[in-house]
Amino acid sequence: LLTSKAEMLDEYFSIRFSKQKDPESGEEALMLVGLPVLLQGNSPPPHALPLFLLRLATEVDWEQERPCFHDVCTELGNYYAEIPFDLDPGPSKVDDEASNYGDKSQSQTETDAEPEVDRAMQLIDEAAKHFVKHTLYPAISFLLVPPKDLASNGTVVKLALLSSLYKVFERC
């Protein structure tokens with residue numbers, strides 16, 4: 001399916017595919033060779049690529065133009081919105097203490113489990129926090145132009161205007 005839609009995906013979305021022959025079997029294979037740059041400094045995580053390609057082939061309504069464009073944009077957004085994660089966060093403090101002290105009473109086990117729960121409650125690792133702080137927030141503050149209805153109903157509120165802050169500090 002993606003083979004037949006490769007030209008359209010390249011033209012409208014900069015999703016580029018290339019057909020290459022497999023030297024061993026002689027069969028043509030479709031290779032992904034390019035993705036659009038949706039946000040400068042952000043590249044999508046490689047671990048989400050198979051799911052992106054699967055959903056691109058199965059979840060897009062290829063028969064109608066408007067739903068097709070909407071679905072492809074949705075899948076691109078989902079792919080680029082995937083937050084990087086750390087597969088091996090390392091040993092926890094609870095595991096180290098358990099190996100050092102052996103048997104514990106029930107109350108000690110419950111109190112030692114609290115740091116483990118806190119560690120599990122952290123949804124993103126340091127790399128993802130860095131990405132959000134140094135790539136995503138600056139892009140949002142520079143590129144976001146909310147619709148007028150969101151600005152007027154209080155959904156999006158201007159907290160400070162840089163030029164106003166300069167005027168305040170010039171007086172000091």
Side-chain angles (χ1 to χ4, degrees), residues 1-22 24-25 27-92 95 113 115-162:
L1 178 67
L2 292 178
T3 305
S4 64
K5 305 298 181 187
E7 185 178 334
M8 188 269 298
L9 288 168
D10 183 19
E11 183 177 339
Y12 290 105
F13 301 102
S14 297
I15 301 173
R16 292 185 180 87
F17 291 97
S18 172
K19 293 180 183 176
Q20 297 178 354
K21 282 200 174 196
D22 185 12
E24 294 177 10
S25 66
E27 294 180 15
E28 270 195 355
L30 189 66
M31 307 289 277
L32 178 67
V33 294
L35 289 169
V37 177
L38 299 184
L39 178 62
Q40 194 68 34
N42 177 28
S43 57
H47 70 269
L49 183 61
L51 182 61
F52 167 68
L53 293 173
L54 175 69
R55 292 186 57 86
L56 195 61
T58 60
E59 300 297 321
V60 174
D61 179 6
W62 297 103
E63 301 302 318
Q64 300 176 11
E65 183 178 1
R66 190 176 207 107
C68 174
F69 284 175
H70 179 269
D71 293 345
V72 171
C73 289
T74 299
E75 295 309 323
L76 271 171
N78 289 339
Y79 178 46
Y80 274 82
E82 186 78 28
I83 294 179
F85 63 90
D86 186 9
L87 292 174
D88 184 20
S92 70
D95 293 340
E116 180 67 23
V117 171
D118 289 342
R119 189 173 68 90
M121 294 296 288
Q122 293 177 345
L123 298 178
I124 58 176
D125 61 4
E126 290 303 315
K129 288 178 185 176
H130 184 270
F131 165 74
V132 169
K133 183 177 181 180
H134 296 287
T135 303
L136 196 58
Y137 282 160
I140 289 172
S141 67
F142 182 70
L143 299 172
L144 178 68
V145 179
K148 292 188 189 295
D149 60 329
L150 292 181
S152 64
N153 71 6
T155 302
V156 178
V157 180
K158 185 186 302 183
L159 297 177
L161 187 60
L162 189 58

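In this chain, numbering begins with 1 at the start of the sequence shown.
Separating the OG1 atom in Thr135 from the CD1 atom in Ile140 is a distance of 11.0 Å, to the nearest 0.5 Å. Expressed to the nearest 0.5 Å, how far OH of Tyr79 lies from CG of Leu35 amounts to 5.5 Å. Taken from CG in Leu51 to CD in Glu59, the straight-line distance is 9.0 Å, to the nearest 0.5 Å. Distance check, rounded to the nearest 0.5 Å: CD1 of Ile15 to CZ of Phe52 gives 4.0 Å. The CG atom of Leu49 sits 11.0 Å away from the CG atom of Leu54 when rounded to the nearest 0.5 Å. Between the CG atom in Leu2 and the CE atom in Met8 there is a gap of 9.5 Å [rounded to 0.5 Å].
Residue Leu1 comes nearest to Ser4 through the heavy atom pair O-OG, 2.8 Å, listed as atom of the first residue, atom of the second, then distance. In terms of heavy atoms, Trp62 sits closest to Ala57 at NE1-O, 3.9 Å. When all heavy atoms are compared, the tightest approach of Leu30 to Lys19 is CD1-CG, 4.1 Å. Across Cys68 and Val60, no two heavy atoms sit closer than the pair O-CG1, 3.9 Å. Nearest heavy-atom pair, Leu38 versus Leu76, reported as atom, atom and distance to 0.1 Å: CD1-O, 4.2 Å. Shortest non-hydrogen contact noted between Cys73 and Phe13 is SG-CE2, 3.7 Å.
Judged as a side-chain contact (heavy atoms from CB on, under 4.5 Å), and not counting sequence neighbours, the contacts of Asp10 are Arg16.
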Could you walk me through whether Tyr12 and Val72 pass the side chain to side chain contact (heavy atoms under 4.5 Å, CB included) test, one step at a time? CA-CA 10 Å; Tyr12 290 105; Val72 171; over 6 Å; no
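Heavy atoms from other residues, nucleotides or ligands lying under 6.0 Å from NE2 of His70 number 12 at most.
Glu7 places none of its side-chain heavy atoms less than 4.5 Å from the side chain of Phe17. Residues Thr155 and Pro146 fail the side-chain proximity criterion, which asks for heavy atoms closer than 4.5 Å. Put simply, the side chain of Leu39 reaches to within 4.5 Å of the side chain of Leu136, judged on heavy atoms.
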